[in-house]
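One structure is given below, encoded as structure tokens.
Chain letters run A, B, ... following the sequence lines, proteins first, then strands; residues in each count from 1. These numbers were taken from a predicted model, which means no experiment stands behind them.
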Amino acid sequence: MKNNRYKSSIYHKIIFTISLLILFLIGIITVKHIDNISGSSKSLIHSYEVNLELEHLYSYIKGSENSMRGYLISKDSLYLKLYQTDIKNINYSFSSLKKLTGNNAVQQQNLQALYKIINTRYAYMDSYSNFNNNFDVNRNDTFKRNFNESSILLAEIRGKLNEMVAIEKSFLKQRNSIYNNQIYFTPILTLGILFITLLLTIFTYYKTTRDIEKVQLANIKLNKSQFLSYQAEILSEFGTWEWNLNTNIITYSDNLYRILGAEPQSFEAGQDNFMQFVHPEDVSIANNIFEKIIADEDLPHTYYRIVRPDGTTRILRSVGKLFIDKLGNKTVLGVTGDVTDEHNKNELLKSNYQDLIGVNNQLKIFDESSKQAEILGKYGSWVLNYDSLKFTYSDNQYRLMGFEPQSFDPSIKNLLENIHPEDKPIVDKAYKKALTSMKIAAINYRIIRKDGKIRQFKTIAKPFTDLKGIQSMIGTTQDVTEDFNKSLQLKHRNTELEKHVKELNEFNQVASHDLQEPLRKIQTFISRINDKDKENMTDAGKEYLSRMEKASDRMRVLINDLLQYSKANRAEKNLVSTNLNEVLRDSLLELSQNIEDKKAVVNYAELPVINGIHFQMQQLFSNLLSNSLKYSKENEAPIIDIDCTEITAKTEAVLKDRSLKKYYKINFTDNGIGFEQEYAEKIFLLFNRLHGKTEYQGTGVGLAICKKIVENHKGYIFANAQLGQGASFTIYLPVPVLA
Amino acid sequence: MQYDSIIITLADDDEDDRLFFTDAFQELKINTIVNTVNNGRELLNFLNHPETVLPNIIFLDLNMPILNGIDCLKEIKRNDKFNDIAIAIYSTSSSDQDVENTFVLGANIYIKKPSNFNDLKKILSDVVTINWQYHTNDLNKENFLLRL
């Protein structure tokens with residue numbers, strides 16, 4: 001392709017040279033012809049001039065003749081003057097003829113001869129004029145002879161002139177023929193040469209057209225490859241650049257601008273503009289690039305980072321080679337590629353490899369630890385390969401069955417041999433199910449170890465498909481004999497406990513019903529005696545009856561309290577949102593008669609909503625309130641203050657809880673008889689009383705119930721008192737956690 | 001037998017309670033005919049006897065041998081013949097469970113046996129003089145358990 005182009009250009013040059021030479025030749029020939037033609041026409045004009053001058057000469061001679069004749073006839077001197085003028089004219093004409101025929105020897109000779117004749121003629125003429133005015137022509141014979149002589153001379157002049165004209169004519173004729181010749185040949189020659197030139201031009205045009213076609217084809221191919229390389233640049237994230245070392249001009253391809261994160265051709269390519277993109281840490285590398293190109297006219301692979309205008313850092317690789325074109329221009333052509341992704345991939349691969357090593361290490365550690373765990377946890381693992389139906393046991397699996405590790409090839413057959421005869425169906429069924437449905441439920445079975453001991457095993461398994469696509473079942477079997485025995489014991493104990501609870505409930509039933517039954521009857525009979533036979537009794541009898549009545553009442557209270565206490569014990573764990581303001585209202589209503597009787601004042605603040613059991617909270621409040629009413633000072637109306645604050649567990653030392661748990665702290669403070677602080681804890685114990693039965697009624701159950709209820713609500717209750725200074729009961733109840 | 005008297009039957013295995021019961025009605029100035037049976041089975045036999053004039057009110061103890069009050073109540077309620085008889089549960093217990101059960105089974109009122117004879121008289125008087133029509137229409141868990 002290239003060679004062709006160069007050949008044709010030489011070809012063109014030759015044709016052009018030839019064409020030029022021909023044109024030059026044509027020019028020379030044409031000039032020469034034109035010169036010839038102009039020469040011919042000059043000589044023609046010359047001949048005409050000579051002829052004309054000869055005619056003039058003759059007419060002047062004739063004129064002078066006439067003037068002379070006039071003079072001779074009239075003797076008028078005017079004719080003489082005319083004659084003089086003619087003579088002058090003849091002389092002028094002669095001199096001009098001399099000039100005109102200067103290059104013609106024949107004509108010069110003729111002119112010489114003519115001159116002589118004319119001179120001779122005018123010698124006669126002058127002699128006339130020298131006569132005086134009275135000269136008589138007719139009488140003078142000399143004159144007559146002379147005159148005759150003159151006429152002959154005139155004829156001679158005429159003859160001489162004609163001769164000269166004839167010579168000029170022959171000249172003219174000769175020249176004309178040359179001229180005609182030239183006129184004839186010149187167009188033919190010119191046409192011929194033009195024709196040749198035209199042919200050459202046509203040929204050249206044809207050649208040129210073909211070359212242009214070739215060049216166009218080459219151009220299209222070039223365009224295509226340029227287009228492809230343009231796309232290749234974008235796709236492969238590289239750009240090209242040229243550095244003309246002669247002109248020191250650098251140009252970037254569009255994609256190089258894009259790689260730099262700029263719009264194509266948005267700035268002038270050059271060192272300064274380029275350096276603005278270079279990562280600050282790589283400035284020296286980039287500077288080195290420019291130095292290297294200038295110094296070595298070559299750029300080896302160089303890596304450096306740039307920072308795009310949008311702030312992203314990219315890694316670039318540049319390479320360049322010197323290229324010298326036909327014109328001798330030195331250009332370093334280079335490619336710069338964005339290798340960030342490649343770099344990242346490599347980094348990723350590297351880190352993946354590191355990860356793999358790490359995972360491998362972990363796996364080794366895990367493998368070792370799982371071996372130890374198997375021994376400690378008394379379990380073994382196994383794999384059932386679905387393709388080969390072969391089992392693989394871990395070392396400990398063998399040990400669990402009483403064998404040395406890897407001492408036999410495990411199979412379902414030898415597994416079943418070791419299983420307790422009663423449990424064989426369990427294992428067999430599980431195995432078949434595992435084969436058909438790839439599922440296995442946890443199974444429990446007994447195994448007879450090699451040493452004859454029966455052990456309880458538990459097996460779980462899951463299907464597993466490894467990376468190669470091999471399906472298997474991975475299972476774990478644990479020796480659960482100890483657990484099994486323990487759970488058996490536990491079950492046994494549980495049933496015992498349930499029995500106890502049931503008995504206790506039955507006892508409660510007895511307490512509530514069967515104990516109440518006879519008591520009620522005793523009380524009823526007492527009331528019958530009171531109504532019917534009291535009048536007939538002695539005073540002592542009446543006294544005894546009254547004490548009986550009191551004792552039976554007390555027994556009733558005791559039984560009721562005990563029932564309530566056991567009820568509080570069997571607390572429902574269903575805590576629901578309970579508004580303590582409502583609880584307090586119900587309690588106050590319950591005790592309204594009592595409060596009224598004692599003329600008590602109850603002050604209370606706004607109470608919170610807690611999670612609790614309404615009736616239990618009501619019992620708690622009622623117990624505390626009735627306690628305060630009961631142990632009030634005889635001569636002082638009871639005042640009970642109820643307040644509530646929200647606190648955090650760690651701020652209350654009594655709670656012995658350092659957490660941030662929130663509690664409502666509710667205080668019941670009274671102005672009653674109080675008690676000594678040393679009893680503050682004792683009073684919450686069942687059947688514990690601080691006072692004699694006769695002074696203050698009570699069973700010693702009330703506060704125990706309170707404590708039970710508060711504990712049911714995950715709270716605390718404390719008492720604070722001083723003898724004679726009133727008592728204060730503090731309840732802590734957890735603040736409900738908002739859902 | 002007089003037709004303008006209120007006929008009352010008590011089923012209770014406790015002899016003392018039967019005594020208190022009949023004594024109380026004797027002392028009350030209400031025209032009543034009271035008879036007692038020892039357990040649920042006896043009560044059903046008595047009710048099903050062709051010659052029996054059906055009582056207006058049955059007082060039913062819960063804790064009885066042979067056939068207890070609950071089962072007996074079920075039997076009575078199963079028979080349409082006894083629809084018009086008001087059933088008053090008369091028990092020592094006032095456990096929530098017993099109150100709930102008997103209410104659901106269709107008893108009309110629940111009386112806890114008092115431990116004072118005067119209280120007993122008052123309760124029985126109240127029960128007998130209740131407008132049953134009115135009470136039954138307006139019956140709910142709150143007024144089911146009779147409180148003094």
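- Inter-residue side-chain proximity for A/Lys521 and B/Lys113 is flagged as unmet; no heavy-atom pair is nearer than 4.5 Å.
- Within a 6.0 Å radius of CD in A/Glu496, other residues, nucleotides and ligands contribute more than 12 heavy atoms.
- Interface residues of residues 22-29 of chain B toward chain A, defined by a heavy-atom distance below 4.5 Å and sorted by number: B/Asp23, B/Glu27.
- Annotation for B/Gln97: atom CD does not count as buried by contact number, only 12 or fewer foreign heavy atoms lying within 6.0 Å.
- Proximity to chain B at a heavy-atom threshold of 4.5 Å picks out A/Gln523, A/Thr524, A/Phe525, A/Ser527, A/Arg528, A/Asp531, A/Lys532 from residues 522-550 of chain A, in numerical order.
- Of residues 64-80 of chain B, not one residue has a non-hydrogen atom less than 4.5 Å from any non-hydrogen atom of chain A.
- Interface remark: B/Lys121 contributes no atoms to any contact with chain A (heavy atom separation under 4.5 Å).
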Inset, instruction - Go through the steps to decide whether B/Lys112 and A/Gln516 satisfy the test side-chain contact (heavy atoms from CB on, under 4.5 Å), and finish with yes or no. - result: CA-CA 12 Å; B/Lys112 189 175 184 292; A/Gln516 278 189 81; 3.9 Å; yes
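- A donor-acceptor contact closer than 3.5 angstrom links the side chains of A/Glu517 and B/Thr92.
- By a heavy-atom distance cut of under 4.5 Å, not one residue of residues 577-600 of chain A is near chain B.
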